[in-house]
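Heads up, the thing below is written out as structure tokens.
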Amino acid sequence: MAEAVGERQREWAPHERIRGLAVLDRPFTVEAGECTPKSTLCRATIEHNYRHAIAGLFAALRAVTRQEAPLAMMAGDAVAWNEATREQR
């Protein structure tokens, strides 16, 4: 999936490019409070429910920016990698 996204955004300006991507294991649901019956997203609930995946994306982005981590990394791996490197410092 990352390759397909990379191909599509090649012509885009740097500020328009997707720098992190996480594929969730399920869609947002009304039952979980992540959206309303009209399918309006409830951002605070989504941020709370997926805080670990979001943190992993930002950790991977910081690591790639510092050129210390592999370019392709799953969100959970990025969190573990970031914690391990923090302990080594």
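- A pairwise comparison of heavy atoms in Val5 and Leu21 identifies CG2-CD2, 4.1 Å as the closest pair.
- Tested against Tyr50 for a side chain to side chain contact (heavy atoms under 4.5 Å, CB included), the candidates Thr45, Leu57, Leu24 yield a single pass: Leu24.
- Within a 6.0 Å radius of CZ in Phe58, other residues, nucleotides and ligands contribute 12 heavy atoms or fewer.
- Considering every non-hydrogen atom in both Gly33 and Cys42, the closest pair reads O-CB, 3.4 Å.
- Around the CZ atom of Arg17, the shell of radius 6.0 Å holds more than 12 heavy atoms that belong to other residues, nucleotides or ligands.
- Between the CG atom of Leu41 and the CZ atom of Phe28 there is a distance of 6.0 Å, given to the nearest 0.5 Å.
- Contact record, Ala32 with Asn49: O-ND2, 3.8 Å, taken as the closest heavy-atom pair.
- Remark: side-chain polar atoms of Arg51 are paired, donor with acceptor, to backbone N or O of His48 under 3.5 angstrom.
- With sequence neighbours left out, the side chain to side chain donor-acceptor pair (under 3.5 Å) criterion links Glu47 to Arg43.
- Between Glu7 and Arg10, the closest heavy-atom pair is OE2-NH2, 3.0 Å.
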